[in-house]
Protein chains: 2
Amino acid sequence: MSRSVLELRHLRTMLTLQDTGSVSAAAQRLHLTQSALSHQLKALETHYNTQLFDRRRQPLCATQTGQRLLTLAQLVLPAVEEAERELSRMVDGEAGCLRIAVECHTCFDWLMPTMDDFRAHWREVELDIVSGFHADPTSLLLTHRADLAVVSEYEPDPAVFYTPLFRYEIMALLANDHPLAEKPRLSAEDFRDQTLITYPVPDDMLDLVRQVLLPAGINPARRTSELTVAILQLVASRRGVAALPFWAVKSYVDRHYISARPIGEGGLFGELYAVVRQEDAHLPYMADFLHTMREVCASALAGIALLPLVE
Amino acid sequence: MSRSVLELRHLRTMLTLQDTGSVSAAAQRLHLTQSALSHQLKALETHYNTQLFDRRRQPLCATQTGQRLLTLAQLVLPAVEEAERELSRMVDGEAGCLRIAVECHTCFDWLMPTMDDFRAHWREVELDIVSGFHADPTSLLLTHRADLAVVSEYEPDPAVFYTPLFRYEIMALLANDHPLAEKPRLSAEDFRDQTLITYPVPDDMLDLVRQVLLPAGINPARRTSELTVAILQLVASRRGVAALPFWAVKSYVDRHYISARPIGEGGLFGELYAVVRQEDAHLPYMADFLHTMREVCASALAGIALLPLVE
DNA sequence: AAAAAACATGATTTTGCCTCATGTTGTAAC
DNA sequence: GTTACAACATGAGGCAAAATCATGTTTTTT
């Protein structure tokens with residue numbers, strides 16, 4: 001039993017046979033001998049047990065069954081060429097797909113301008129944001145469910161390429177007339193009897209909890225909200241206190257809508273990194289996106305410090 | 001320069017790799033060794049200069065470029081299978097295409113009922129009538145522009161298979177009060193001063209002209225019409241005389257709308273044959289169509305004689 | 001850390017495709 | 001009709017692609 005003899009080569013032969021109307025001419029165009037095509041055709045005809053071309057007269061013409069295979073060839077071969085062309089553009093890093101996984105809510109503030117800028121320069125790259133929040137964005141990369149992740153921790157891994165983005169201060173946010181606003185800076189202890197307003201994410205994604213409150217054994221009451229402005233509104237109306245990146249709320253503080261105070265002795269800082277698969281790091285569009293991210297952050301976010309590029 | 005390495009085999013491998021998530025499992029399903037697939041994949045990756053599957057972890061998953069080829073495979077492979085299934089039905093003579101070329105106008109009267117009957121039994125056979133009238137319908141068969149022709153002359157040809165249909169009388173048609181209606185039969189000479197009403201076809205397709213008038217050197221005035229009823233109307237209103245197959249006009253004669261008279265001593269007769277390509281003659285649907293034609297003619301046409309089947 | 005499973009790789013064998021040489025068939029010219 | 005020509009068919013043989021085998025490397029599991 002000979003499983004499936006049909007190959008793309010045969011479809012190419014059939015199409016050329018149809019175009020040229022002769023075996024010899026088709027052979028010439030395919031850089032093969034007349035004999036080769038004759039054998040090829042005979043093999044197909046034997047396999048399908050039907051004549052595919054009527055070779056009794058010139059120009060030779062397809063039989064009904066031959067026509068059916070020609071129809072197939074006309075569908076398949078252009079699709080193959082199209083795929084190979086696109087593949088080559090992908091390899092060259094002109095076309096591609098850039099799915100971004102984000103683990104912090106506030107990142108959208110600078111991610112959107114970055115994407116807008118990028119889209120204008122790389123029309124053939126499909127941009128997308130991977131919906132939902134994930135425990136370990138790096139594993140999304142390695143399972144090819146995302147192509148870039150924004151993370152707050154750097155863990156060395158040879159399969160992966162990190163680009164440092166920036167360092168920012170996380171400030172405690174209080175209503176202007178809140179008693180704690182008297183203090184120049186807050187300590188872990190200050191949060192004990194407060195209601196803490198956060199995004200609805202696990203504790204280990206909240207820098208304040210993980211780095212300050214948890215070590216001090218303090219676990220204040222909670223309230224959550226998806227939107228940054230909603231959190232600020234709650235703070236302003238004295239429903240609780242929050243801790244957010246300063247750059248995300250600076251404009252509100254400047255307008256005295258709320259007050260901001262450093263947390264702990266030297267302040268509480270976070271860092272952000274972009275991480276991509278090692279093999280994608282040097283694709284032109286990927287390198288450009290990484291570069292654009294830093295540019296946009298530096299110019300759009302007040303009070304941050306770009307981290308130095310390594311390597 | 002290695003021209004196009006991609007073959008259907010590779011697309012099958014890719015799809016199976018995706019399905020199973022492992023090289024070994026895919027190899028098993030394709031009845032190949034793990035090594036074979038590994039080599040195959042490497043060859044593709046070398047050719048396109050890109051990794052197609054990320055094999056660092058289990059289950060292995062496609063890269064962006066791999067995804068693009070998988071998309072191609074998902075389009076192409078089902079199309080190939082569909083084509084092969086249909087091909088096999090065509091070879092078995094269950095499916096196919098039956099384009100009919102006709103050289104006589106009146107044939108539609110019995111061809112339509114034949115096609116209706118046939119269509120009900122062979123849903124997978126595409127029926128069509130080749131439009132326009134052609135000098136040599138047999139050449140339409142041999143150039144695969146038609147699959148069956150109805151002709152009035154039998155010329156032996158090994159590439160072609162004839163099925164005799166029926167013999168019919170061609171009668172002269174006259175207005176009831178036409179002077180010639182006095183005669184029991186008409187001779188060539190009787191047409192000399194008449195206007196002859198015919199279909200708009202070349203002379204050698206008109207049996208009366210070719211077999212009777214031309215040999216006698218008689219060339220009467222002409223008038224043409226596409227439709228049989230229109231011709232009869234012209235005859236009835238004494239604009240001229242006509243000569244048509246008796247079966248086509250018998251009902252009008254029976255109702256004394258017009259009169260019919262035999263032509264020449266023994267009468268003028270025509271014969272019809274169906275002709276198909278030799279290689280198609282034994283396809284089930286073709287054999288059935290040929291059989292149905294005779295059945296329908298025998299039962300629907302008055303005053304004809306089925307010709308004996310030969311061979 | 002060891003064992004097991006899965007993938008990669010080089011050498012070798014096998015298969016199948018192409019070419020060459022020649023035969024056959026169909027077509028055009030005389 | 002015969003000859004000449006062009007196009008396709010066919011069998012044998014060579015060669016290269018593709019499969020296998022044996023073994024090494026990597027990854028996963030316990």
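Quick note on labels: first sequence line is chain A, next is B, and so on, each numbered from 1. Scope of the values below: all heavy atoms of this structure, side chains included, with no hydrogens, waters or symmetry mates.
Summary of the strand contacts: A:Gln58 and A:Gln40 both lie near DNA chain C, and taking for each the nucleotide with the nearest heavy atom, the more 5' one is attributed to A:Gln40. Both B:Arg57 and B:Glu7 lie close to DNA chain D; mapped to their nearest nucleotides by heavy-atom distance, the more 5′-ward contact belongs to B:Glu7. Along DNA chain C, the nucleotide nearest to B:Arg55 and the one nearest to A:His10 differ in position, and the one closer to the 5' end is contacted by B:Arg55.
A heavy-atom distance below 4.5 Å is not found between the side chains of B:Cys97 and B:Val125. Side-chain atoms of B:Leu272 and B:Val150, non-hydrogen and from C-beta on, do get closer than 4.5 Å to each other.
As judged by a 4.0 angstrom heavy-atom cut-off over every strand, A:Leu37 is placed among residues making no nucleic acid contact. Using a 4.0 Å heavy-atom distance criterion, B:Ser24 is classed as a sugar-phosphate-only contact.
Counting atom types as modelled, A:Ser35 pairs a side-chain N or O with a base atom of D:dT10 as donor and acceptor under 3.5 Å. Side-chain N/O atoms of A:Thr33 and base N/O atoms of C:dC18 include no donor-acceptor pair closer than 3.5 Å. For C:dA8, the base has a donor-acceptor partner in the side chain of B:Gln34 [N/O atoms by modelled type, under 3.5 angstrom].
Rounding to whole angstrom units, CG of residue A:Leu32 and P of C:dG16 are separated by 19 Å. Atom CG in A:Leu60 sits roughly 18 Å away from atom P in C:dT25 (whole-Å rounding). For the pair B:Leu41 CG and C:dT9 C1', the interatomic distance rounds to 14 Å; values are reported in whole Å. Between the CG atom of A:Leu30 and the C1' atom of C:dT19 there is a distance of 15 Å, given to the nearest Å. In this structure, CD of B:Gln28 is placed 13 Å from C1' of C:dA6, rounded to the nearest angstrom. Look at NZ on B:Lys42: it is 21 Å from P on C:dA6, rounded to the nearest Å. Put simply, CG on B:Leu142 is 10 Å from P on C:dT27, counting in whole angstrom units. Rounded to a whole Å, the CG atom of A:Leu44 is 13 Å from the P atom of D:dA9.
A donor-acceptor contact shorter than 3.5 Å is absent between the side chain of B:Glu126 and the backbone of B:Gly96.
A close approach under 4.0 Å does not occur between any side-chain nitrogen or oxygen of B:Arg56 and OP1 or OP2 of D:dT26. Contact check, A:Ser38 against D:dA9: a side-chain N or O comes under 4.0 Å of OP1 or OP2.
A donor-acceptor contact under 3.5 angstrom links the side chains of A:Thr65 and A:Thr63, judged on distance only. Counted by atom type alone, B:Glu271 and B:Tyr154 present zero donor-acceptor pairs between their side chains at under 3.5 Å.
Comparing the start and finish of the helix from C:dA1-D:dT30 to C:dC30-D:dG1, five pairs each, the helix axis swings through 40°, to the nearest 10 degrees.
Where stacking is scored as ring centres under 5.5 Å apart with planes under 30°, A:His39 registers as stacked on the base of D:dT10.
Taken from NE2 in A:His144 to CG in A:Asp280, the straight-line distance is 7.5 Å, to the nearest 0.5 Å.
With salt bridges taken as basic N to acidic carboxylate O contacts below 4.0 Å, one links B:Asp147 and B:Arg99.
Here B:Thr114 pairs with B:Trp110, B:Phe289, B:Thr292, B:Met293, B:Val296 under the side chain to side chain contact (heavy atoms under 4.5 Å, CB included) rule; sequence neighbours left out.
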